[in-house]
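Worksheet: one structure, shown below.
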Number of protein chains: 4
Amino acid sequence: MNPVLDFSSGVPIYRQIMDQVKYLVVSGHLKPGDRIDSIRELSVKLKVNPTTVMKAYTELTREGVIFQRRGQGCFICDSVSRFSDAERLRIIDEKARALVVEAMHLGFSEDEIIEQVKQVTAKINRGE
Amino acid sequence: MNPVLDFSSGVPIYRQIMDQVKYLVVSGHLKPGDRIDSIRELSVKLKVNPTTVMKAYTELTREGVIFQRRGQGCFICDSVSRFSDAERLRIIDEKARALVVEAMHLGFSEDEIIEQVKQVTAKINRGE
Amino acid sequence: MNPVLDFSSGVPIYRQIMDQVKYLVVSGHLKPGDRIDSIRELSVKLKVNPTTVMKAYTELTREGVIFQRRGQGCFICDSVSRFSDAERLRIIDEKARALVVEAMHLGFSEDEIIEQVKQVTAKINRGE
Amino acid sequence: MNPVLDFSSGVPIYRQIMDQVKYLVVSGHLKPGDRIDSIRELSVKLKVNPTTVMKAYTELTREGVIFQRRGQGCFICDSVSRFSDAERLRIIDEKARALVVEAMHLGFSEDEIIEQVKQVTAKINRGE
DNA sequence: GTGGTCTAGACCACT
DNA sequence: GTGGTCTAGACCACG
């Protein structure tokens with residue numbers, strides 16, 4: 001795992017770590033049962049404080065993405081979404097709306113937005 | 001203007017106000033030259049601190065969405081994006097990636113994501 | 001709010017704070033909407049680090065006991081349990097089993113255990 | 001002895017082993033003088049580190065639940081509680097309070113809590 | 001003023 | 001070695 005951090009983006013470090021792990025899961029780089037970097041390992045790699053990594057891992061545990069075992073390490077959960085269908089739809093509707101509003105405001109057309117979504121999906125599926 | 005705020009979403013209040021104004025613009029409810037609520041009016045409506053509304057308006061001004069005219073109020077700008085093409089693309093790529101990662105993590109397929117984007121776009125175009 | 005901490009009990013400080021808040025809620029000392037001590041206030045009172053109090057409050061937020069509003073403070077939620085009936089039963093069955101096993105091991109009879117439960121309940125209802 | 005472990009409960013593994021042994025004693029499955037699994041046997045069964053089982057057994061020895069005889073194995077003690085009456089009461093009061101606070105927080109009434117305690121006691125006495 | 005993030009460094013419990 | 005808790009102190013974003 002070699003996350004790239006942007007310290008000047010305003011997005012909290014722990015958030016960026018969470019997103020990276022989630023991304024590695026959906027892109028297939030990490031599979032259920034896989035062990036991920038220990039808190040200490042990752043904190044050294046990223047040159048951030050161990051507590052920052054821990055916060056990311058704790059949140060991921062709360063979200064059901066990983067589980068932590070004292071003395072053993074952290075592992076990817078079986079990827080079963082904990083949300084109901086209605087909730088999943090609500091979340092995704094909100095995110096899609098945010099994207100579309102921002103994009104339209106920047107002058108993109110519907111087709112351009114969809115094209116962008118397709119490109120991003122393709123990249124992820126290729127593991128980029 | 002009657003924004004609905006979610007105090008427990010983690011999204012800053014001033015951000016939610018900004019998003020609402022942007023949304024009203026792209027959905028056609030607000031057009032260039034239209035006057036929007038004054039800081040005082042909106043802060044009363046929303047029951048939030050006037051400084052919070054001010055921050056939202058200041059940011060919107062900076063982004064070129066509205067302009068403030070001393071003693072007269074705030075108005076919607078002509079919708080000319082201030083960003084370069086490269087920057088517009090970067091912004092939208094980032095937002096699209098966030099959407100897709102989150103959606104895939106929730107188990108949605110590419111087609112389902114695109115369908116969602118289309119539905120949202122349609123809603124906005126209908127002014128919902 | 002004047003929680004009493006036992007620094008030598010082995011129970012984490014943040015856990016003790018959580019229990020105290022929960023206790024104040026069930027005993028009626030704190031009602032939905034009530035503002036509780038700010039992180040800083042409580043950390044001064046208890047002479048513990050603010051981050052320790054924050055951890056307690058963050059967990060309580062996660063459990064739906066309180067909600068936090070930046071710039072305003074922390075408040076008691078409407079006390080609606082977030083768990084399903086089955087889950088509530090599972091939790092309480094587990095806790096009851098732990099109590100009974102421990103008590104029987106110490107040589108208490110069923111009646112003595114129930115008597116103890118009644119006494120504790122009475123104390124709590126009297127606000128002790 | 002076939003303890004079931006929950007690796008994700010937050011309760012230390014060695015604690016869960018201790019609880020299981022105690023439970024088997026109060027439920028009558030294990031009687032004074034009975035030999036229990038050796039450290040090695042149990043560590044294999046449970047797929048945990050032998051040192052973890054050892055810690056559980058050491059603690060149980062300290063509490064007077066079992067005794068270890070060099071080269072022969074571990075055996076259940078005559079069930080004489082080592083604690084003073086005051087201490088026994090303190091322990092059970094604390095556990096009862098934890099149960100009641102948690103239960104009330106989940107919306108259970110006093111009667112429901114007592115009913116639950118009775119059911120659990122009955123189950124244990126039936127050896128479940 | 002509030003909560004939120006992060007650091008540097010310590011100590012403990014568990015495996 | 002692992003994760004878990006806690007401290008002291010800093011800085012930021014928000015209302």
Side-chain angles (χ1 to χ4, degrees), chain A residues 5 7-17 35-43 46-59 61 66-75, chain B residues 5 7-8 10-17 43 46-56 59, chain C residues 5 7-8 10-17 35-43 46-59 61 66-75, chain D residues 5 7-8 10-17 43 46-56 58-59:
Chain A
L5 299 180
F7 289 92
S8 60
S9 73
V11 180
I13 307 290
Y14 83 93
R15 256 291 184 198
Q16 295 185 42
I17 296 173
R35 187 176 178 285
I36 61 176
D37 286 339
S38 76
I39 292 176
R40 282 163 175 77
E41 279 169 1
L42 192 55
S43 75
L46 301 179
K47 292 177 190 149
V48 299
N49 195 292
T51 58
T52 303
V53 178
M54 184 156 82
K55 177 153 191 181
Y57 281 13
T58 302
E59 281 292 301
T61 299
I66 67 172
F67 60 91
Q68 301 165 270
R69 283 217 193 131
R70 184 143 39 180
Q72 299 182 238
C74 300
F75 306 83
Chain B
L5 299 180
F7 289 95
S8 60
V11 181
I13 305 297
Y14 84 94
R15 254 310 201 171
Q16 294 186 42
I17 296 173
S43 73
L46 301 179
K47 292 175 190 154
V48 298
N49 199 305
T51 60
T52 305
V53 179
M54 189 164 76
K55 175 150 191 180
E59 280 295 301
Chain C
L5 298 180
F7 288 93
S8 60
V11 180
I13 307 290
Y14 83 93
R15 255 290 183 200
Q16 296 185 42
I17 296 173
R35 187 176 177 285
I36 61 177
D37 285 339
S38 76
I39 291 176
R40 282 162 175 77
E41 279 169 3
L42 192 55
S43 74
L46 301 179
K47 293 176 189 148
V48 299
N49 194 292
T51 58
T52 304
V53 178
M54 184 155 83
K55 177 154 190 180
Y57 281 14
T58 302
E59 281 293 301
T61 299
I66 66 172
F67 59 91
Q68 303 166 268
R69 284 217 192 129
R70 183 143 43 180
Q72 300 183 238
C74 299
F75 306 83
Chain D
L5 300 180
F7 289 95
S8 60
V11 180
I13 304 297
Y14 84 95
R15 254 310 202 170
Q16 294 186 43
I17 295 173
S43 74
L46 301 179
K47 292 176 190 154
V48 298
N49 198 306
T51 60
T52 304
V53 179
M54 188 163 77
K55 176 150 192 181
T58 304
E59 281 294 302

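Side-chain atoms are counted along with the backbone in the values below, which use heavy atoms only and exclude waters and symmetry mates. So you know, we letter chains A, B, ... as the sequences are listed, proteins then strands, and number each from 1.
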Would you tabulate the pairs of protein nitrogen or oxygen atoms and nucleotide nitrogen or oxygen atoms of nucleotides 8-10 of chain E closer than 3.5 angstrom?
residue: dA8(E); atom: N7; partner: Asn49(A); partner atom: ND2; Å: 2.4

Discussion item. Using side chain to side chain contact (heavy atoms under 4.5 Å, CB included), reason through Tyr14(A) and Val48(A) one step at a time and then give a plain yes or no.
Written reply: CA-CA 10 Å; Tyr14(A) 83 93; Val48(A) 299; over 6 Å; no
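- The distance between atom CD of Gln16(D) and atom P of dC14(E), rounded to the nearest whole Å, is 12 Å.
- Rounded to an integer number of Å, the gap from Arg69(A) CZ to dG3(F) C1' is 13 Å.
- Atoms CZ (Phe7(A)) and C1' (dT7(E)) sit 12 Å apart, rounded to a whole Å.
- Atom P of nucleotide dC6(F) and atom CD of Glu59(C) are separated by 12 Å, given to the nearest angstrom.
- dC6(F) atom P lies 10 Å from atom CG of Leu5(C), rounded to whole Å.
- Residues Thr61(A) and Gln68(A) share a closest heavy-atom pair of OG1-OE1, 2.7 Å.
- In this structure, Ile66(C) and Cys74(C) approach most closely via the heavy-atom pair CD1-CB, 4.3 Å.
- Put simply, CD1 on Ile39(C) is 6 Å from P on dG4(E), counting in whole angstrom units.
- Comparing Ser38(A) and Pro12(C) against DNA chain F, the residue whose closest nucleotide sits nearer the 5' end is Ser38(A).
- Nucleotide dC14(E) forms a Watson-Crick or G-U wobble pair with dG1(F), both donor-acceptor distances falling under 3.5 Å.
- Nucleotides of DNA chain E nearest to Gly71(A) and Arg40(A) differ in position, and the one nearer the 5' end is that of Arg40(A).
- Considering all non-hydrogen atoms of both residues, Pro50(C) and Ile39(C) come closest at O-CG2, 3.3 Å.
- Residues Leu42(A) and Tyr57(A) come closest through the heavy atom pair CD2-OH, 3.4 Å.
- For Lys55(B), no side-chain nitrogen or oxygen approaches OP1 or OP2 of dG15(F) to under 4.0 Å.
- Between Ile13(D) and Phe7(D), the shortest heavy-atom contact is CD1-CD2, 3.5 Å.
- Whole-Å rounding puts the Ile13(A) CD1 to dG4(E) C1' distance at 13 Å.
- Gln68(C) has no side-chain polar atom (N or O) that falls below the 4.0 Å cut-off from OP1 or OP2 of dT2(E).
- Residue whose closest nucleotide on DNA chain E sits further toward the 5' end, between Gln72(A) and Thr58(C): Thr58(C).
- If you measure from atom OH of Tyr14(D) to atom P of dC14(E), you get 4 Å, rounded to the nearest angstrom.
- Of all non-hydrogen atoms in Arg40(C) and Ser43(C), the two that sit nearest each other are O-OG, 2.8 Å.
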